[in-house]
Amino acid sequence: MSPWFEQQPYGDGLIRLTEPHVHEILKANVWWLRGTDRDVVVDAGLGVVALRDGVPALFARDPLAVLSHAHLDHVGGAYEFRERAGHPADAAALAAGVPASLDGPELARLLGAGEVGADFPDRMIDALPGPGYDPAAYRVAPVTLTRTVEDGDRIDLGGRSLTVLHLPGHTPGSVALLEEHTGALYSGDVVYDGHLVDDLPGSDVAAYRRSAELLCGLEVSVVHPGHGRSFDRERLHHIARTYLRRTAGDGEQPLTAQ
Ligand SMILES: [Zn+2]
């Protein structure tokens with residue numbers, strides 16, 4: 001396995017892959033779940049190093065990649081998978097090739113990152129994956145979905161299954177995956193333990209608030225997010241309630257003065 005990736009076993013056929021040399025803002029989790037029949041990989045990393053080169057074992061059983069949403073840090077390696085699933089509302093963005101750069105200021109501009117963009121470092125990686133690597137040549141390949149998933153769809157891995165939850169707001173096609181048998185929620189960028197980003201082009205505060213309300217009522221055992229550490233239900237509900245408080249009064253149609 002390439003030192004570009006770090007692999008952390010969580011037990012019960014679950015492995016987390018991360019990219020330690022990627023800046024916090026873009027350091028996303030790749031969740032590798034093993035079923036008896038097949039594997040699912042939730043998100044596909046930044047794509048600086050090919051997953052196939054870095055973690056060849058990941059491809060041993062021809063896994064289905066489920067893309068939580070169309071942002072570079074989650075879909076950089078998506079092109080490497082034979083089967084790629086995602087929500088139709090993000091399909092066009094994926095097919096067009098998502099905005100991507102390792103140059104912080106350029107990325108902030110490409111993403112239209114607004115206030116958040118001011119925190120981007122000069123370079124989004126703190127080491128090169130190998131001699132001769134040119135960060136300026138970094139792009140994310142366009143991705144066509146081979147399977148679209150809608151709210152309520154089930155993905156069967158054999159011995160375990162995932163239910164798709166469409167939770168828009170961060171992007172129109174953001175999805176989370178709930179393994180009802182264990183209560184584990186794979187949440188992408190819908191929710192992680194940090195400031196939830198709702199001001200990118202394509203973000204929708206009103207939709208995000210509805211998603212957060214749904215999260216407040218979700219009886220999960222653990223959340224495996226798109227960024228950072230996993231957390232429990234209490235923390236999930238706290239983060240969702242905090243978001244609802246922060247955005248109270250936002251996301252509604254402004255009243256027209258007569
Ligand atoms: Zn995102």
Side-chain angles (χ1 to χ4, degrees), residues 16-19 22-31 41-48 65-79 84-102 104 106-121 124-125 138-143 145 149 164-177 185-205 207-212 215 223-231 236 239-240 243 246-247:
R16 179 174 84 148
L17 300 171
T18 50
E19 297 170 278
V22 175
H23 188 273
E24 289 301 322
I25 291 167
L26 291 185
K27 189 186 295 183
N29 296 322
V30 176
W31 296 102
V41 176
V42 183
D43 288 338
L46 191 58
V48 169
V66 182
L67 307 174
S68 67
H69 67 293
H71 281 154
L72 70 159
D73 44 338
H74 300 264
V75 305
Y79 73 96
R84 305 168 297 269
H87 192 274
D90 273 12
L94 289 164
V98 299
S101 174
L102 295 178
E106 187 189 3
L107 181 63
R109 187 176 54 75
L110 288 173
L111 290 177
E115 272 176 51
V116 189
D119 298 335
F120 286 21
M124 305 306 293
I125 54 176
Y138 167 78
R139 300 285 181 280
V140 168
V143 179
L145 297 175
V149 291
V164 176
L165 304 177
H166 180 213
L167 296 167
H170 179 68
T171 68
S174 287
V175 293
L177 300 170
L185 181 74
Y186 298 87
S187 63
D189 279 1
V190 173
V191 63
Y192 44 79
D193 200 347
H195 178 85
L196 303 180
V197 176
D198 63 0
D199 58 355
L200 297 173
S203 297
D204 178 336
V205 174
Y208 215 147
R209 287 180 56 81
R210 288 191 292 275
S211 294
L215 291 173
V223 180
H224 298 306
H227 295 270
R229 296 272 159 200
S230 301
F231 48 89
L236 167 68
I239 297 164
Y243 179 76
R246 167 162 78 82
T247 56

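We count ligands from 1, going down the list as the structure has it; atoms in each ligand are counted the same way. Heavy-atom basis, side chains included; hydrogens, waters and symmetry copies ignored.
H170 has its closest N, O or S atom to the Zn ion (ligand 1) at the position named NE2.
Checked by atom type and distance alone, the side chain of H23 pairs as donor or acceptor with a backbone atom of I25 at under 3.5 Å. Listed for the E19 side chain is a donor-acceptor partner under 3.5 Å among the backbone atoms of L46.
Between the ND1 atom of H71 and the OD2 atom of D189, the angle taken at the Zn ion (ligand 1) works out to 180° after rounding to 10°.
Not one N/O/S atom of H74, from backbone or side chain, sits under 2.8 Å from the Zn ion (ligand 1).
Nearest approach of W31 to P225, heavy atoms of both residues: NE1-O, 2.8 Å.
In the model, Y243 has a side-chain atom that pairs as donor or acceptor with a side-chain atom of D198 under 3.5 Å.
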